Every structure is written in C-alpha cells, then in structure tokens.
*Asks:* 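First the structure, which I've put down as structure tokens, then a few questions once you've had a look.
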Amino acid sequence: MSATRAAESLLALSQQEELVDLPKDYPLSASEDEGDSDGERKHQKLLEAISSLGGKNRRKLAERSEASLKVSEFNISSEGSGEKLVLADLLEPVKTSSSLATVKKQLNRVKSKKTVELPLNKEEVERARTPLEQEIFNLLHKNKQPVTDPLLTPVEKASLKAMSLEEAKMRRAELQRARALQSYYEARARREKKIKSKKYHRVMKKAKAKQSLKEFEQLQKVNPTAALEELEKIEKARMMERMSLKHQNSGKWAKSKAIMAKYDLEARQAMQEQLAKNKELTQKLQVASESEEEEGGTQVEELLVPVAVNEAQMNADGPNPWMLRSCTSDAKEAEIQEDPEQLPEPLAHNVSESERDETPVAEEEILLKEFEERRSLRKKSELNQDAESVGGQETKDSISQEVLFELRTLSEKLKENHQSRKQKASSVGTVPQVQREEPAPEEEEEPLLLQRPERVQTLEELEELEKEGCFQNKELPRPVLEGHQLKKNPNNPTDAPKKKKEQMIDLRNLLTTKSPSVKSLAVPTTIEEMEDEAERDQKQMIKEAFAGDDVIRDFLKEKREAVEASKPQDVDLTLPGWGEWGGMGLKPSAKKRRRFLIKAPEGPPRKDKNLPNVIINEKRNIHAAAHQVRVLPYPFTHHWQFERTIQTPIGSTWNTQRAFQKLTTPKIVTKAGHIIKPIKAEDVGYRSSSRSDLSFVQRNPKRLSAHHKKQLKKNSID
Amino acid sequence: MLSRNPDNYVRETKLDLQRVPRNYDPTLHPFEVPREYVRALNATKLERVFAKPFLASLDGHRDGVNCLAKHPKSLATVLSGACDGEVRIWNQTKQKCIRAIQAYEGFVRGMCTPFCGTSFFTAGDDKTVKQWKMDAPAYGEEEEPLHTILGKTVYTGIDHHWKEAVFATCGQQVDIWDEQRTSPICSMTWGFDSISSVKFNPIERFLLGSCASDRNIVLYDMRQSTPLKTVILDMRTNTISFIFTAANEDYNLYTFDMRALDTPVMVHMDHVSAVFDVDYPPTGKEFVSASFDKSIRIFPVDKSRSREVYHTNRMQHVICVKWTSDSKYIMCGSDEMNIRLWKANVSENLGVLTSREKSAKDYNQKLKEKFRHHPHIKRIARHRHLPKSIYSQIQEQRIMKEARRRKEIHCLKHSKPGSVPIVSEKKKHVVAVVK
C-alpha cells in the first residue's frame, strides 16, 4: 500500500511541478535562485519517493544530523523507529540464503499467474439480488474496484506499473535537462542584457510589447478579470512613464538627435517617433480637460436628477470593469433585455432638447467627440467579447449623432426606471442590467487604438473622482451611498479594492474642510466647476501620491499622545497587604485605593487646545534653554526691553545698506598710526582758560561730566 | 510683457558697482534672531581663535625696566629706563634700540617727554633731574644731558605738563619746575612720607595728582601753593593715572571722580598681587594695569572686572605699562629686562582692511555686543587661559573673600540691629578724605 501511495504522491508531484513550471517559463524574472532552491527541494522529494518505492515496508532511516567523530549508540537518534521490534526479525539471518530466494521467486511467479476463472463462479459473484447489493456493486463498478481481488484498484496498479526505477531515472534526467535548459536560458538572458546595441534592444522591446499585447488580448478572451488586472498593470506602467517626464525632448539623447536631425534621416525619424510618443503620453491631459468641460456642461443636467441616477448614468458611460465581466457572463441576458432604442423616445428627446438649449453648441461638439472616443474604447472591450458580431457600416457622424441621442434617451430612461423602481422598492439588480445593455448597440465599429483601454481607466477614475466630489459637495450620507454601490454589484469580487480606494482618506478625519459651496442650480457655473475640477484633480493626485500614509490620522494620533503625555499623573500610594490580606491575586480594596490615590491637579489648559492642526510643546527644551539668557542683564529693568534689543536685527540681510552702516558703526573709531591728542576745553565749547578749572568743576559738577564724555568721544574721533 | 527702465539696472560706467535689487520684506528673511545669534556665536569663537595679542619683545636692557615714556610726536619711538640707570630709546616698528644712554648709576626713577618731543627728562636716584636731547648726538659729540638739575632730595617720579613748559617732580615733596629754571616754581608737601608718583591732568591743565606711601592720594592745583585735597585709602597707592585711576597695593584699582573722592566710582579687582602701574589710552574708555602677579590686565572704566589678561611664560613682575597714543598697542616693561608689545584688541587684524572687511568686523563687533549676555557666547568670550599660579591665587582669594563676607554677614546677624553698619565694597577701601 505504501508503495502505491508513494507512487500517487509522485504523480501528483510531477503534475504540480508541471503546473508550476508552466507559468515560470515565460515571465523572464530574475528569481533564479528561488527556482533553483525549489527545484532542489523537489528533487529531494523525488528521491525520497523513489527510495520509498522499494515495495517493502522500508522505514525511513533517520539521518544523523549532528556531526560527531564517534558513532555510538548514544548518538543514534530513535527517530523513525516507530515500529515495534519483532523478535523474529532479530532471529532472521541478515541475508536470506540464495537457495531459498529461487524458491521464493518461483512461488511469486506462480502467485502472479492468473488462474482460469470459472464463469459460474464469476456469475455467482457478480449477481446482485437485493437493491442494496445492486447499489454497492454499482458503486464498486464506478470506481473500478475489483470485486474479487480487493488488494489493488486498477488505477493503483497502473500507477504501480507507471513508476518503475527506469522511469524514475528518466524523470530525473528530464528534470536535470529542464534545469540545464533553465540555466542556459538565464545565461542567454544575461548575455542579451549585456548587448550594447540600442537598435537591438529597441527591436526587442517592440517585439516584446507586441507579444504582450497579443497575450493580453488572448487573456481578455479567456479570463477577463485577469485581463483587467493586466490592464491596470499596463496603465500603471504607462503612468510611471508619464511621470518620469521622459520623451520631453529635454534629455541628452533627444538634444543630440535634434542637432543631428538636420542631416540624418534616421535621427529625424527617431525624433518624430519620440514626438509621437510624447504626444501620445501627454494626450491624457487633453482628454481629462475635455472630460472636465463635458462634465461642466452636463453638470446642470446632473444636478437636476437625483444623485443615484447620476451615478448610474456615469457608470453607464464608460466600459466599467465590472461590466466587462458581467458582459461576458450575461451576454445572452443582455441580448434578451429590451433594447434602449425601443423605449419611449419622444419624451426623452424633448427633455434632451431642452437641455441642449441650455448648453452651448460647442459643448455639444465636445460631447460628441468625447462620446466617440468612449464608444471606441468600449468597442475594444466588446470586440474581445464577441468578435463574431458584425455591424452595419455607417458613417461616423451619423453614428455619433445617433449615439448621442441614445445616450440622452438612455439617461432619461434610467431616470424613469430608477424612480419607478424606488417607488416600488423592487430589486436593485435591474440597474446593472440596464447598464449592461447599454454597450450592446455600439458593438460594431472601426478598429481601435492601442491606448484606448488605458484611457478608459483614467476616465473612469476621473468619474469616480467626480462622484466623490459630488458627495462631498452635497453632503450626502456616505454609508448610504456606499451601500447603494454595493447593491449595484452585489456579486462582484472586484468591489473590495474599489471601496478601499474610496477610503484612502476618510472625510471624518479631515481637519479643516472647506464649507461646501452653495450654488444655485439654475445658473450654469461652468468656470467655477472647472476650477473645482482642477482643485479636485489636484487633491486626487495628492491623495494617490500619498495613498499609503494617512498623514492626518498620524498627526491626530501624535497630538493625542502629546496631550496624554503632558497630563499630570495621578500618584497611587496604596500598599498591597497593608492592613489587609495580601498575596497572589489579591488586590487592595477599592476603598483603600480611593483613599491613597492622590489626584493630580488639573494643569493649565494647553495652548494648542483650540488649534486643531498645531502641537505646541510646552515643555522646557533644555537644549534650547542652554542658549537662552536666564537672568535679566544689568542695565535692563524689564524683560521686554531686553527682548526688544535682541529682536531688532542689525545685519544687512534685514536692513538697507545705509541703516546697516549706521547700526554697525562702532562708538569709537580710531585711525591707525595717528596720535590722538587730549581734548581741550575750547574744543568742547567752553572757555575756562582764565579761571581755575577745578573751581568750575566744583561749582557745576554735573555739566562737566556731560562735557567730559563728549570730549572723550570727540577726542576719539580726532 | 516685461518692460523695464534700463536706468534701473544698467550702470553708467563699468567701474560702477552692479546694482543688486533686494527685497527687504521680513517674511522673506525669517529667523532673524536665531541667525544673528549664530553669527554672533561664530564671531565670538573666531575672536577667540584669532586671539594672539603678543606682538614683540624688545630686549636689550641689562636690568629690570623701571619706567617707560611715550614720544609725543612719534608713535614708533619709546623710551625706557632701567634699574641700572640705562635709558634706551626704541623704534617699535623696527623693534630695535635706537639709542642707549647710561644716564645714572642707580635706578632711573622716572622719565617724561615734553609735548614738543625734542628732548626728555629723567629723574634718578642721585637727586638729579636730567634733560636729554631726543636725537642722537652727532659724530664726535659726547653723550651728555642738556641740563642737569641738582635737587635736595631724591626724586622718585617726574611728569611733564601737557601744554606748557612745566614739569613736576616728586620725592619728599611735589616740586613744579619751569623748564628754563634750575629751581622749582613751587613745592608742595603733605605729611612727611615720600611721594611715589606725580601726574599731570591732560585736560584740566592746572591739576596734578600724586600718591604717597602714607596711603594717600593728593590733588594739587598748580596755581595754589597748598594741596587741594587728599584721599586716604586702605593701602598705599603706587601710581595714579588721569582720568583718575589709582593702582593700589591691595590688588585693586580705584577709579575716582575728582569731585567726590569719598567713594570711588569703581573698584577694579582682578589682579592677585600689587598693582604697579596704570595707564589710559587717549580714548579714555579703558585702561591697562601692570601688576606684580606677572600679568597685565585691561579694564573697561565702568567695569569692575577686566576684559583681558595678558601674560607670558617669561614675563615676570610687570613694573610699568603704557598704552600707545594711537590706542592700538600696549607696552609693558618688566623685571626680566624686556619691553613687550601687545595688541590692545586681541584678535584685531593689523593690516589694511578693505571696506568689506571693515564692515564685517564692525558687524561682528556689534553682534558680539548685542548677544553678550547669552550664556554660550558669554562663556566663550570670557574664557581665558591663566598661568597656574595666578589661577590658584584667584581661587584662594575668592575663598578668602567669601570667608570675609560670611563673617560680615554673621556679625551683622548676631549683633544689635544698626550697631554694625553695612559698608559697600566701594566705600570700604576709602579711609578718609581731607581737604
């Protein structure tokens, strides 16, 4: 039995290996080491399996893991010796004698030979009389369980046969070959990586891109969800490239090419290529702006209808990733659903006309363009879904016109539908159905550009953004909306990441929110809308850039911690076991605790109490204090005097040149190499030559002192 | 569209400075106090880094230098008299002795130069005052004084009037001489003790002061025959200098207001031994003092603590000190026969400064002044290296002083209130004022 089990496991293993190998082969990842180790492990497993194939109850020999010089009985681990020792085993000779072996072989052969079975016997066995028996037989037959010889099932036998030693060897060789191939492949990849030729790499890149595109298309057909993920990846890569600001003709290469372009055809081509690429990359912005305008135009319309309908409409606009999935699954359903064109058109038309009156004509054109684009986008996705559907060839303009009307009507219909459904409180699942049916009519269209699906993504995102903005502006209860969204696609697995995205920065955590601007619904406020749009765009970009870190929450947490830390601590003076029993699991009584708990007095209110986005550290910073003046210096009588002297800067950074010079002139300026003579009384303007100076001094001491100082100063200036 | 008036940015000639437009908006230049603080700190540190005040040592005397005199007309010329009676005239810029005269057998007690600068007077132990020509004798001419005045008593000091041809000597009494005469115009006495120094007031022209070994400082008016007034201190005053600071034996210097001698304006106390000499620069904001403790110190007039202390390994007891008349240098003559030349400002750059350097220097100076109360700056600016002897003596005296203060406090505490008067430090040292 153990042998068969081993064989089974081996089979399973090999299968698994194949499964693992398959995907590993084509992404050219650099995870060679990992693969190697994996292979080794598998190899080890294989060897074990082979070794356990011997048929007998060969017990696994425990390996001696510790290195030791002496091999003693103490070192031998008893691992793996689960079986009991039988005395007969010990009594048996180590080697069975050769004569006995031949006999055994013969016996085996005889045993293995099938005896001719008697029909009667078989009949007897096979016969099932009672229904229970019949049932059992049925079961046995189904599983090919041998009725007579219940030792091995045919499957087991087959597996037994399948795994001989040679085969195992073969398998091993195969594995080795695979590994060798892998290493060759790696070496080749390395070599290729070293190739300096730019042209080679360019060609390779292109080929790879083509290949990946093809694969992607294939994948879209087979597995749309995976394709969607792939799409996202591609979009991300594109965004990265866009962010890198390459292709701006500002690089070294581009500059050199620009110089060479005059003379060199190739360079010119390269330049053009780059220009095209640049255009292609920057096109997104234009699209975004267009959409903004469009949204601005339709804002009025949107404001008129309830939000939920808006949403639905917006979702209906673009090829929703969820829709893609559902389309594949419920394509037939969609076809069965009523066609949007069959709906009451005149009424919708009227409404749309009235709306059109409001919006300028130019906007309509923009709308048209926009819609065309979207249609083509959708087209692409649809094409993948049902390639066989062939549409009638119509002129572009007429189609677009039609499509526009369709859109209008559809929105109207949606409105109606939704309202009615709300009234009836019927199932919500129909809304997505309506959405689903929408893309159906525009399936037949011209070939599509590569970038389109990617742009769809971005558009969608923009719309998402829009929606969020709408929510914010209208201050609608958020959970309800979320619930609504959930309801819309109740069985959608891709819902979760979406929700996550929405919760990137929680509204409740915002410190300062702008008060929602109240707009009159009647007036078309396109400019404001656009500005808002831009702002929102900016916000969204920031949000995306800092998706990982929730700065606001961190800050709030930090502040909370700071507040906690600055709070005065209560002092607990309770001594367990004092005046009562103490020990493990015994706590001092509440009364005692209450009595000996010294409550810290409430500190003064924090300075940043009313400043939500500021933390003021009220602790004295010793590092700063080392630089601060502790005592008021002598001539000053009040601290503000001193502070004022310190606060007025004297440097030329803060003062004009003249002021600087004035401020920095020293009190005494002496000329080097000049003798400074003592001042005379006449110099300072009083005559004392005739009288005794001292007498004058005695009579008018104060004045002299003032003069004295002046004299000194003047003297210095001399 | 940008439109500018080229007058605003084009200079007229290429020698003009480029006009640099500046925005003084304070919001663009934040943190003014911290930035200036850092600048001040750096300036202070740099000042200490470049503090190298010692310039030169003039050697040649064969005995301790007893007196110094400045030339009134020439900055470079310095005269010095030694304890062996030799007088030397030095050229400071060349740091060489121009002339050496063996003037006396004993000490040269005092020297002075009249305002004209053509001759100088010396007073010696042999009761004579000699007048010498400033210029060296011509070839073949003998080295001898122009005039010699024989007195009755030993002259211990001499000083010349700043404006007139009058000089004063001191010994037993203060004599005032006319240059042309061999007998004094008048002589004034106060008590019987010998007078160690006499000085004319450079501004109040008739005023002169002397200090005697009976601990008093006497002020005289040249026009009167009797002294004006006197102040008696705790201990003997070695020298006085106008604007009136007395270098005392009790390690202190006392700055007086001549009108009110009963209380000194400031007691300067940083020396740890007797102060021998004191001199003012012509700017009059600071003074330099020479002490027996082998150091010289520079005090601001209005501060009781010195701002600078100069010492070298080889400098012994400093007998005399002079601040040059351009107020940039300090000379000191000491026991070990050398005259030393110091910078008055330790880290001053002596070369020619460009205007930018000058403005930077001024700015740094102002910054240091502005932030001088900040602890770090204060600590750095105050830090000086002292020889161990001085350092330990300072510690010792601090302890002694503290003990005295404590005792005073105790006395005050344990006596009847009002019976023990509280005497301020300034008043403590003045014993009496006599008119």
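Just so you know, these numbers use all the heavy atoms, side chains as well, and skip hydrogens, waters and symmetry mates. Letters A, B, ... mirror the listed sequences (proteins, then strands); counts begin at 1. Since the structure is predicted, the reported quantities are computational estimates derived from the model, not experimental observations.
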*Asks:* Under 4.5 Å heavy-atom distance to chain A, tell me which part of L367(B) shows up: side chain, backbone, both or neither.
*Replies:* both
*Asks:* Looking at S327(B), S325(B), S74(B), A260(B), which one has more heavy-atom pairs under 4.5 Å with chain A than the rest?
*Replies:*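 Option with the greatest count: S325(B).
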*Asks:* Checking heavy atoms, do the side chain of T324(B), its backbone, both or neither come under 4.5 Å from chain A?
*Replies:* neither
*Asks:* For K370(B), is it the side chain, the backbone, both or neither that has a heavy atom under 4.5 Å from a heavy atom of chain A?
*Replies:*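 K370(B) touches chain A through backbone and side-chain heavy atoms alike.
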*Asks:* Counting only heavy atoms closer than 4.5 Å, note whether P72(B) contacts chain A via side chain, backbone, both or neither.
*Replies:* backbone
*Asks:* Can you tell me how the ring of F242(B) sits relative to the ring of F244(B), calling it parallel under 30°, perpendicular over 60° and tilted otherwise?
*Replies:*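 Judged by the thresholds at 30° and 60°, the geometry between F242(B) and F244(B) is parallel.
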*Asks:* Aromatic contact between F642(A) and H639(A), with the criterion being ring centroids under 6.0 Å apart: yes or no?
*Replies:*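 Not close enough - the centres of the two rings lie 6.0 Å or further apart.
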*Asks:* For D279(B) and K70(B), what are the C-alpha separation, side-chain angles and deciding distance, and is it a salt bridge (charged side-chain N to carboxylate O under 4.0 Å, His left out)?
*Replies:* CA-CA 11 Å; D279(B) 193 36; K70(B) 296 180 272 191; 3.6 Å; yes
*Asks:* Are F660(A) and Y363(B) close enough that their ring centres sit under 6.0 Å apart?
*Replies:*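 Centroid separation for F660(A) and Y363(B): below 6.0 Å.
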*Asks:* Name the region of P26(B), side chain, backbone, both or neither, that has any atom closer than 4.5 Å to a heavy atom of chain A.
*Replies:* neither
*Asks:* Against chain B, label T653(A) side chain, backbone, both or neither, depending on which of its atoms sit under 4.5 Å from a heavy atom there.
*Replies:*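 Contact with chain B involves both backbone and side-chain atoms of T653(A).
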*Asks:* Please look at R39(B) and chain A and tell me whether the side chain, the backbone, both or neither of the residue comes under 4.5 angstrom of a heavy atom of that chain.
*Replies:* side chain
*Asks:* Between Q628(A) (side chain) and H374(B) (backbone), is there a donor-acceptor pair under 3.5 Å?
*Replies:* no
*Asks:* Given a strict heavy-atom distance threshold of 4.5 Å, which part of Q657(A) is in contact with chain B: side chain, backbone, both, or neither?
*Replies:*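 For Q657(A), the backbone is the part near chain B, not the side chain.
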*Asks:* What part of E32(B) lies closer than 4.5 angstrom to a heavy atom of chain A: side chain, backbone, both or neither?
*Replies:*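 Both parts, backbone and side chain.
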*Asks:* Checking K358(B) against chain A: side chain, backbone, both or neither under 4.5 Å from a heavy atom?
*Replies:*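 No part of K358(B) comes within 4.5 Å of chain A.
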*Asks:* Check the angle between the aromatic planes of H627(A) and Y37(B) and answer parallel, tilted or perpendicular using the 30° and 60° thresholds.
*Replies:*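 Ring orientation of H627(A) relative to Y37(B): perpendicular.
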*Asks:* Is T665(A) in contact with chain B via its backbone, its side chain, both, or neither, using a 4.5 Å heavy-atom distance?
*Replies:* backbone
*Asks:* Quick check on the interface: out of R22(B), K328(B), Q365(B), who has the most heavy-atom pairs with chain A under 4.5 Å?
*Replies:*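 Highest number of pairs under 4.5 Å: R22(B).
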*Asks:* Is it the case that the side chain of K567(A) and the backbone of G603(A) share a donor-acceptor pair, with hydrogens and angles ignored and the cut-off at 3.5 Å?
*Replies:* no
*Asks:* Got more than 12 heavy atoms from elsewhere within 6.0 Å of NZ, K559(A)?
*Replies:* yes
